[in-house]
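Just so you know, residue 1 is the first one in the sequence shown, and it goes up from there. Just follow the structure's listing: the first ligand is 1, and inside any ligand the first atom is 1.
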Amino acid sequence: MSKPYTIVIKLGSSSLVDASTKEPKLSLMSLIVETVVALRRIGHRVIIVSSGGIAVGLKTLGLEKRPKRLPEIQAVAAVGQGRLIGRWDKLFSYFDQRIAQVLLTRNDIAEWSQYKNARNTLQELLNMGVIPVVNENDTLAVSEIHFGDNDSLSAITAALTGADYLFLLTDVDCLFTDNPRSNPDAKPILVVPDLDQGLPGVSVANGTGSDVGTGGMQTKLVAAELAINAGVHTIIMNSESPSSIFKIVQYIQATEDKTYEGDLMDLQLKELKALNELGVPLHTKFIASADRHHLKNREFWMLHGLVTKGSIIIDDGAYVALTRKEKAGLLPAGVIDVEGSFQQLECVDLKLGHRLPNGEWNKELPTTTVGRARCNYKSTEVSRIRGMKSDRIEEVLGYSDSEYVAHRHNLAFPPH
Ligand SMILES: Nc1ncnc2c1ncn2[C@@H]1O[C@H](COP(=O)(O)OP(=O)(O)OP(=O)(O)O)[C@@H](O)[C@H]1O
C-alpha cells in the first residue's frame with residue numbers, strides 16, 4: 001500500500017462483546033488493535049467507531065437484561081463507556097499508540113460551525129497520530145438527537161473526515177441475498193457497483209444476528225448509501241479476521257479501473273471467482289464511483305447531520321429551478337404548502353407535490369421527498385406567504401428578511 005488513506009473501521013457490539021455472557025471478546029479486540037497499529041505504521045490514518053458501551057455496562061452492573069427506562073439505559077451506558085474506552089486504551093498502550101475518546105450526538109453537529117469543529121478536531125487528532133475512538137454519546141442522547149445506530153454514525157464520521165474507506169465489521173462475512181443464519185441458501189453479494197440501482201433479489205429484513213446486535217444489515221445499507229454519496233468506498237466484512245483489511249484495500253486499489261456491467265447476480269459469480277483466485281477474503285464492496293457527483297460537506301451535513309422538523313411542499317417549476325446547474329433559491333411562489341411546525345433555519349424536508357387548479361395542494365396525488373432546506377421563515381410565516389411573489393412578503397408578514405424562503409446555500413439534494 002503506497003498511498004496513505006483515511007480509513008474508518010466500525011465495530012458492532014457483536015464483535016466486541018459475547019452475546020450470551022456479555023464478556024469482552026478480548027482476543028478479537030487485540031487482533032483489531034494489531035491491525036490498526038500496522039495500518040498506522042505504514043502511514044494510514046485510522047478512526048475506530050466502537051459500539052458496545054451499553055453491553056459492557058450491563059455486565060459491569062450485573063444486569064441480565066437491557067433496562068427499559070431511558071435514564072437507566074443512559075446510566076448503564078455511562079458505566080460501560082468508561083470501561084470500554086479503558087479496554088481500548090490498555091490494548092493500544094502495549095504498542096505505545098495513543099487514542100482519544102470522541103462521543104457525539106446529533107446536537108453536536110446541529111450547527112454548521114459545530115460540524116466543521118467536529119471535523120477539525122478529528123483531523124487534528126489524526127494529524128497528531130492519535131486514533132480517535134468514536135461512539136454515540138448514549139449517556140446524553142435522547143431519541144430526537146440520536147444517530148440511532150453506529151452504522152450511520154460511522155458513515156457520518158467517514159464523510160466528515162473525507163475518508164477513503166469505511167469498513168463495517170460485523171459477525172457475518174458479507175451481505176447475502178438473505179439472512180445466512182436463517183437461510184442456508186443465501187448467496188454472497190460481493191460487489192455493488194451502483195447502490196442507487198437498488199439490490200433486487202436481496203432481503204435484509206430478517207433482523208440482527210445476536211442479542212447485542214442492533215441494526216442488522218438494513219442499517220448497513222443505509223450507511224453504505226450515505227458514505228458512497230460522500231465518495232467513501234464502503235466494505236462489509238467479518239470482524240473475526242481484521243487483518244483482511246490489508247488484502248481488501250490492496251484488492252480494491254488493484255481493481256480501481258475495473259468496470260462492472262451486467263446482471264447483479266452474474267457479477268457476484270464473477271467476483272467470487274476473482275476473490276478465490278487471488279485469495280482475497282469474502283467481503284461486500286459498495287463502490288463510490290468517481291464519475292458520480294459526490295455531496296459536498298455542507299450538503300452532506302444538511303442531508304445527514306440534521307434532524308428535520310417539518311416539510312415544505314414545492315411545485316415542479318421550483319424543483320427544476322432548485323436542481324439546475326446554477327441552483328436558484330426557493331421563492332415563496334414555488335411553495336404549495338407546509339407541514340409540521342418549524343422555526344427559522346431549522347431543517348425541513350422538501351417534497352415535490354402537485355397543485356389543484358385553484359393552486360392549492362392536491363393531497364390525492366403522491367408526494368416525493370426530493371431534498372432538504374433550512375428556511376428563512378418559520379412554518380406559520382411560510383404558510384402565509386406560500387404561492388406569492390416575494391415583493392409581497394413585507395406587506396403580509398410586516399417584515400422581510402429575504403426574498404427567498406430558503407437561500408440556495410441552505411438547499412441540499414441527494415446525488416441522483
Ligand atoms: N441479507 C443479509 N445478509 C447478511 N446478514 C444479514 C442479512 N439480513 C440480516 N442479516 C443479519 O445481520 C446481522 C449483522 O448485523 P448486527 O446488527 O447484528 O451486527 P453488528 O452491526 O455487528 O452489531 P451492532 O448492531 O451492535 O452494530 C447478521 O448476523 C445477520 O444475522
Side-chain angles (χ1 to χ4, degrees), residues 8-20 22-25 28-29 31-32 47-59 66 73 76-77 80-81 84 104 133-136 138 141 146-158 166-192 195 198-227 234-242 244-245 264-265 268 272 281-286:
V8 176
I9 301 175
K10 181 259 168 179
L11 294 145
S13 309
S14 49
S15 308
L16 300 173
V17 177
D18 184 280
S20 48
K22 309 282 184 302
E23 303 274 7
K25 291 189 173 178
L28 219 155
M29 283 179 87
L31 284 177
I32 288 156
I47 299 172
I48 292 178
V49 177
S50 167
S51 307
I54 295 176
V56 173
L58 289 175
K59 175 76 184 167
R66 192 184 161 104
I73 299 173
V76 171
Q81 182 61 33
L84 181 67
L104 288 172
V133 180
V134 179
N135 196 3
E136 170 135 36
D138 287 316
H146 242 270
F147 288 105
D149 60 88
N150 271 2
D151 294 320
S152 301
L153 176 62
S154 66
I156 289 172
T157 305
L166 166 63
F167 280 86
L168 300 170
L169 269 52
T170 183
D171 57 358
V172 283
D173 287 341
C174 58
L175 171 67
F176 285 84
T177 48
D178 197 4
N179 191 341
R181 292 175 192 281
S182 50
N183 180 356
D185 296 326
K187 303 273 178 306
I189 298 291
L190 304 166
V191 58
V192 182
L195 188 54
L199 289 171
V202 176
S203 162
V204 290
N206 257 336
T208 61
S210 63
D211 280 356
V212 289
T214 48
M217 278 295 142
Q218 215 149 11
T219 52
K220 286 175 189 47
L221 292 189
V222 173
E225 192 180 358
L226 298 194
T234 303
I235 294 99
I236 296 175
M237 61 169 262
N238 203 318
S239 58
E240 272 171 13
S241 47
S244 301
I245 291 176
L264 187 69
M265 294 305 159
Q268 307 313 318
L272 184 59
L282 284 194
H283 63 278
T284 306
K285 119 183 111 179
F286 299 87

- line: A student comparing Lys187, Lys220, Arg181 should find that the heavy atom closest to atom 21 (O) of ligand 1 comes from Lys220
Point-to-point distance, once rounded to the nearest 0.5 Å, from OG1 of Thr170 to CG of Asp151: 8.0 Å
N/O donor-acceptor pair under 3.5 Å between Thr284 side chain and Leu190 backbone: no
task: Under 4.0 Å, heavy atoms only, figure out whether ligand 1 is touched by the backbone of Asp178, its side chain, both or neither.
output: backbone
- request: Taking only heavy atoms of Ser13 into account, list the atoms of ligand 1 that are under 4.0 Å away from them.
  value: 23 (O), 24 (P), 26 (O), 27 (O)
field: Ligand-residue contact atoms, ligand 1 with Lys10, heavy atoms, under 4.0 Å
entry: 21 (O), 24 (P), 27 (O)
task: Considering the heavy atoms of Pro180, write down every atom of ligand 1 situated less than 4.0 Å from one of them.
output: 3 (N), 4 (C), 5 (N), 6 (C)
Backbone N/O of Asp185 and side chain of Lys187: donor-acceptor pair under 3.5 Å: yes
query: Backbone N or O of Val191 within a donor-acceptor pair of the Gln268 side chain at under 3.5 Å?
result: yes
- prompt: What part of Asn179, side chain, backbone, both or neither, has a heavy atom within less than 4.0 angstrom of ligand 1?
  reply: both
Please set out all donor-acceptor pairs under 3.5 angstrom arising from side-chain atoms of residues 48-55, sequence neighbours excluded.
residue : atom : partner : partner atom : Å
Ser50   : OG   : Trp88   : NE1          : 3.0
Ser51   : OG   : Leu11   : O            : 3.2
Ser51   : OG   : Asn150  : ND2          : 2.9

message: Below 3.5 Å, N or O to N or O, backbone or side chain included: is there any such pair between Phe176 and ligand 1?
response: yes
task: Please work out whether any backbone atom (N, CA, C, O) or any side-chain heavy atom from C-beta onward of Cys174 is under 4.0 Å from ligand 1, and answer side chain, backbone, both or neither.
output: backbone
- prompt: If you measure from the Lys or Arg side-chain nitrogens to the Asp or Glu carboxylate oxygens, is any gap between Asp149 and Lys10 under 4.0 Å?
  reply: no
Enumerated ligand 1 atoms positioned under 4.0 Å from heavy atoms of Ser14: 19 (O), 20 (P), 22 (O), 23 (O)
- prompt: Rounded to the nearest 0.5 Å, what separation is found between the OG atom of Ser154 and the CG atom of Leu166?
  reply: 4.5 Å
